[in-house]
Every structure is written in structure tokens, then in C-alpha cells.
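Convention: sequence-line order gives letters A, B, ...; per-chain numbering from 1.
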There are 2 protein chains.
Amino acid sequence: MSTISRRQMIAGVGGVIVGGAVASALPAMAAPSNFAKTAEWVPHKVDPAIGERFGYDGYYHKGYGCCYGAFYAIVGQMAEKHGAPYKDFPFHMMEVGKSGISNWATICGALLGAASAFSLFYGRKERKAMVDELFRWYEQTAFPIYTPKTDIVVNKEIPTSVSNSVLCHVSVSRWSYTTGIPAKSKVRSERCGRLTADVSRKAIEILNAKIDGKFEGLYGKQESVKYCESCHGKGKESPIAKGKQDCTPCHSGSEATENKFKDHP
Amino acid sequence: MSTISRRQMIAGVGGVIVGGAVASALPAMAAPSNFAKTAEWVPHKVDPAIGERFGYDGYYHKGYGCCYGAFYAIVGQMAEKHGAPYKDFPFHMMEVGKSGISNWATICGALLGAASAFSLFYGRKERKAMVDELFRWYEQTAFPIYTPKTDIVVNKEIPTSVSNSVLCHVSVSRWSYTTGIPAKSKVRSERCGRLTADVSRKAIEILNAKIDGKFEGLYGKQESVKYCESCHGKGKESPIAKGKQDCTPCHSGSEATENKFKDHP
């Protein structure tokens with residue numbers, strides 16, 4: 001075994017783990033590949049209008065929330081029309097993104113659901129521009145846009161705001177600050193349900209265009225990111241910046257980022 | 001059809017979609033349930049030491065990154081020992097979390113991978129304390145801890161930092177700022193590979209304890225969150241706060257959040 005690397009020793013599904021606690025009954029090194037090989041998933045075009053409604057209904061379905069809603073709007077539609085492998089996906093897992101991952105308010109769960117759906121079908125090089133387009137559109141768009149016509153859970157006009165951020169915390173708190181409506185309220189939930197519909201539609205438009213070979217990103221790099229990267233990007237004098245989010249919400253000295261732990265409000 | 005609600009009309013897998021572009025060959029309303037029903041996933045205990053190594057190797061495997069690594073450390077171990085349904089999960093999808101979701105540097109992908117694994121087995125009420133424990137531990141821990149003993153990709157001592165944040169942007173940029181090592185470099189990648197090992201081990205310890213009925217969270221709510229919620233929580237005078245992240249990185253008036261678009265540096 002001395003000529004086999006540690007990584008080869010950690011064999012894939014059907015193989016063995018040598019020297020560890022786990023060992024299958026199969027012959028040693030029967031499958032010397034590393035890590036589980038998963039079948040290729042082929043995308044199908046889906047309907048943006050149905051997706052919008054699936055997103056909204058999915059948000060409320062069992063309280064699974066935004067990430068499940070957006071993911072189901074895409075992959076659920078494929079499941080309902082095309083069966084396996086789509087129907088066998090453990091959709092309940094996508095509840096993970098609810099409220100920005102178990103209420104931590106990090107990434108907007110609707111964006112996570114859509115990006116996860118893209119990721120089923122496209123590797124990172126193909127997916128990059130799709131995610132960039134969706135996320136940059138989100139940063140700059142006043143939500144919600146969608147108004148359900150029937151079976152409306154909270155039948156009110158919902159005021160809008162632009163978040164400038166893909167983070168749930170910024171998106172929701174800025175909306176609550178702007179509108180005066182509590183972050184924990186049925187109206188705010190409705191806002192997020194409709195936003196899930198909006199993200200579902202946009203993501204489906206991107207996916208359908210990609211499948212047709214017609215996808216083109218319309219949103220360029222944000223001005224703030226260009227500016228910060230000019231000193232903090234790769235190879236620059238202070239190359240510490242990581243990421244693609246609009247820098248302004250946290251790095252423009254706004255009232256929100258003043259010291260709130262001293263002499264506040 | 002007039003007595004059937006819109007939500008019933010959007011039927012689950014095996015059902016029909018009435019009035020939309022999609023219709024199956026099955027009799028109308030054959031399956032009037034909403035949304036795909038997925039089988040229950042039963043968790044198995046897995047080995048923390050193997051998980052640590054799987055996390056590290058998974059991070060580098062095909063460049064899939066942190067989220068894939070942490071998820072594979074948990075669910076991949078179950079796949080290699082127990083086969084279906086674990087082995088049929090489309091693991092490649094978990095590349096979505098790489099670099100905080102397609103390089104957007106939102107949630108740390110290793111945390112997303114671990115939380116997603118939890119979500120396969122536990123609904124939000126059960127999962128909440130598990131995620132809280134993992135994320136709060138992450139905020140307060142100096143990473144990386146793990147040092148691979150063989151097949152080390154970047155064989156150097158890796159300096160550590162505490163991020164106070166579950167966000168990739170803050171975690172990586174603060175580490176780069178502290179250590180002086182570029183955010184886009186092989187040493188920084190190695191830091192994140194080892195961090196993936198650390199998150200994998202901790203998540204497995206939480207999962208194993210949960211399966212044994214012995215899980216107890218040790219990390220309480222952060223002082224900053226308690227303080228901010230005293231005015232911005234539900235039912236308080238300005239109930240706009242959303243989330244559970246430590247508030248200090250963005251709301252303590254630190255140097256990092258000063259106006260960087262004017263007279264900077």
C-alpha cells in the first residue's frame with residue numbers, strides 16, 4: 001500500500017477507507033476513484049410564470065421558506081414534468097436557506113435556492129456569469145415586484161425597497177427600516193414570499209436563456225467593487241479583498257455602521 | 001374546478017398543473033398533494049477524524065471547495081458506508097457554496113455545507129440549536145486548527161485569526177489583513193482547506209451527539225446580539241433587526257467600516 005497516496009486510500013463510493021473506522025465489504029480498491037461520482041444532471045427549460053407562483057407557494061409550503069421556494073420553482077418544475085432524477089432530489093433539504101440559513105440572515109435564501117439549482121447543471125466556470133447576473137440584479141432591484149392574483153396569504157399592497165446587498169440581514173432590515181414594518185411580521189413574510197417569486201422568475205429567465213445559448217449578462221461589476229479592487233484586488237498593494245458584493249453597505253461610513261455600542265442612538 | 005384553490009391546482013409530483021404550460025398524462029388531481037414528497041433521510045453517526053480529512057481533501061477535489069468538502073465529510077461518509085439514498089445525492093451541486101457562493105463571499109461555504117447536511121436529517125426546530133452552536137463556535141474560533149499529516153497541498157505553518165463573523169468576506173479578508181497574506185493565494189486556499197476540516201469535525205461532533213440524544217449547545221447568544229435586540233428585536237421600539245450574526249463587525253464603527261470612498265486611506 002505504500003505506493004498509494006493518502007487521497008487514493010480514501011476511496012469513493014463502493015471503495016474502501018483504509019486505516020479508518022469505515023470499511024465496505026467490497027474488495028479493496030474495487031473503485032479507486034476519489035469521492036462519489038454523481039450522474040450528470042441535464043437542465044430543462046421551465047415556465048417563468050409557473051415558477052413565480054411556485055416560488056411564492058413554495059415559500060409558504062410547510063414554512064420551508066425562500067430557498068426551498070426558489071429551488072422548487074426551478075427543479076420542482078422539472079420534477080413535475082420530467083420525473084427522475086429531478087423528483088428524487090431531497091427537496092426538504094433546501095429549507096436550510098430559510099431566513100438566510102437557519103435564521104442567521106446571511107445570504108438571501110431565495111438567491112441560494114436559485115444558485116443551487118444552477119449548480120446542479122453547470123460547473124463554476126459556466127455558472128459564474130449566471131450567478132453574477134442574478135445577484136447584481138438583486139442588489140439593484142426594488143422588491144417585491146410580484147403580486148399574486150389568487151390565494152394571497154397577506155392581501156395588502158407591500159411597499160418596496162432596494163437593498164444594495166445580497167445578504168438577508170441587510171435586505172430585510174433595510175426594508176423594515178425604510179417601511180417601518182417590523183422584521184418579524186406577517187407583512188414582512190409576505191414581502192419575502194413575493195421576493196422569492198421575483199427571484200424565481202429572474203433565475204428561470206437566466207436558465208432558459210443559458211439553455212438556448214442566448215444568455216448574456218447585463219449587469220457589469222459594481223462601481224464600488226471596481227474602486228475597492230483597485231487597491232485591494234489580486235496583485236495590488238493591499239490584496240485582502242474577498243468577494244463580489246457591493247461594498248457600499250458596510251464600507252461607506254453610513255449611519256448604520258457607526259458605533260452603535262456607544263452613545264447610541 | 002372552481003372549488004379547487006390555486007394552490008391545489010399546482011399539484012405535486014405525479015399530479016397536474018392546470019392552466020399552465022406543464023401537464024402530465026396522469027388523471028387530473030390524481031395526486032392532489034402540493035409539492036414533491038421526499039423520503040425521510042435517516043442520519044448515521046460518522047467518524048470525526050475521517051470527516052476532518054474528507055473535508056480537507058474534498059476542498060481540493062476538482063476544486064469543488066469548502067461547501068462540498070464539509071458536506072461530503074458528513075453525507076459522503078454515510079454514502080461510502082451505507083450506500084443509498086446517500087450515495088445518490090448529487091454531490092457536485094454543493095460546489096455552489098465555494099468562496100461564499102460562486103465567489104460572492106457571503107456565508108462561509110464550509111458552514112453552508114455542514115448546515116445543509118444537518119438539514120437533510122432535521123427540520124428547522126431540531127436543527128436550530130445545532131446550527132447556532134456551529135456558527136457561534138465559528139465566530140469565536142481561531143482558524144485553522146487542523147494540520148494534515150500526509151499529502152499536504154501547501155506544506156507550511158498557516159497563521160490563524162478569529163473572524164467574529166460567519167461571512168466568507170469577513171473571515172477571509174480579516175485573515176488576510178491580519179496575516180498580510182493575499183486573499184487570492186495558495187496559502188489562503190490552504191487556510192480555507194484546513195478550516196473546512198475544522199468545520200467538518202465540529203459539525204460531525206454536533207451531529208453524533210444529536211443522534212445519541214446528548215447534544216447540548218455550549219455557546220449562548222452573543223452579547224452584541226442581546227444588546228442590539230433590546231431595542232431592535234421583536235416587539236421593541238425599533239423592531240428592524242434580522243438575524244443572529246455577531247453585530248460588532250459591521251456596527252461598532254470600526255476602522256473597516258469608515259467611509260472608504262472619501263479621503264481614503
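Of the atoms belonging to C228(B), it is side-chain heavy atoms, and not backbone ones, that fall under 4.5 Å from chain A. At a 4.5 Å heavy-atom cutoff, D88(B) makes no contact with chain A through either its backbone or its side chain. Proximity to chain B (any heavy atom under 4.5 Å) is shown, for F89(A), by both the backbone and the side chain. Of the two parts of R174(A), neither the backbone nor the side chain holds a non-hydrogen atom closer than 4.5 Å to a non-hydrogen atom of chain B. Heavy-atom distances place the side chain of H232(B), and not its backbone, under 4.5 Å from chain A. Neither the backbone nor the side chain of K236(B) comes within less than 4.5 Å of any heavy atom in chain A. Neither the backbone nor the side chain of S238(B) comes within contact range of chain A; no heavy atom of the residue lies under 4.5 Å from a heavy atom of that chain. Contacts of F118(B) with chain A are absent, with no heavy-atom separation under 4.5 Å from either backbone or side chain. Contacts of K128(B) with chain A are absent, with no heavy-atom separation under 4.5 Å from either backbone or side chain.
In terms of heavy-atom pairs under 4.5 Å with chain B, the best-connected choice from S99(A), G63(A), G58(A), G65(A) is G63(A). When the candidates V172(B), V170(B), I181(B), V46(B) are compared by the number of heavy-atom contacts under 4.5 Å with chain A, V172(B) comes out ahead. Contacts with chain B were tallied for R188(A), K262(A), H169(A), Q245(A); Q245(A) has the most, counting heavy-atom pairs under 4.5 Å. In terms of heavy-atom pairs under 4.5 Å with chain A, the best-connected choice from L112(B), I107(B), V166(B), N259(B) is N259(B). Counting heavy-atom pairs under 4.5 Å between each of P249(B), A241(B), S173(B) and chain A puts S173(B) at the top. If you tally non-hydrogen atom pairs under 4.5 Å between each of S176(A), S116(A), A115(A) and chain B, the highest count goes to S116(A). Comparing G235(B), C168(B), A183(B) by how many heavy-atom pairs each has under 4.5 Å with chain A, the most go to A183(B). For the set W41(A), W104(A), F135(A), the count of heavy-atom pairs under 4.5 angstrom toward chain B peaks at W104(A). If you tally non-hydrogen atom pairs under 4.5 Å between each of G253(A), A117(A), G123(A) and chain B, the highest count goes to G253(A). Between chain A and the residues K98(B), M94(B), K149(B), M130(B), the most heavy-atom pairs under 4.5 angstrom are made by K98(B). Of all the listed residues (K260(B), E258(B), R124(B)), the one sharing the greatest number of non-hydrogen pairs under 4.5 Å with chain A is R124(B).
The pair R127(A)-E95(B) meets the salt-bridge criterion, since a charged nitrogen lies less than 4.0 angstrom from a carboxylate oxygen.
For the residue pair S224(B)/D246(B), the side-chain donor-acceptor check at 3.5 Å is satisfied.
Ring geometry for F35(A) against F54(B) counts as perpendicular: the plane angle is over 60°, on a 0 to 90° scale with 30° as the lower cut. The aromatic rings of Y86(B) and H44(B) stand perpendicular to each other, their planes meeting at an angle above 60°, with 30° marking the opposite boundary. Relative orientation of the Y60(B) and Y56(B) rings is perpendicular, given thresholds of 30° and 60° on the angle between their planes.
At distances below 3.5 Å, not a single donor-acceptor pair connects side-chain atoms of E52(A) with backbone N or O atoms of P48(A). Of the possible donor and acceptor atoms, none in the side chain of E133(B) sits under 3.5 Å from a partner among the backbone N and O of A129(B). Distance alone, capped at 3.5 Å, is enough to place a donor-acceptor pair between the Y59(B) side chain and the S189(B) backbone. For the pair Q77(B) (side chain) and Y72(B) (backbone), a donor-acceptor distance under 3.5 Å is absent.
Ring centroids of F261(B) and Y227(A) are separated by less than 6.0 Å, placing the two rings close together.
The side chain to side chain contact (heavy atoms under 4.5 Å, CB included) test with L167(B) singles out one residue from S165(B), S163(B), S171(B), and that residue is S165(B).
Atom NE2 of H92(B) and atom NZ of K62(B) lie 9.5 Å apart (nearest 0.5 Å).
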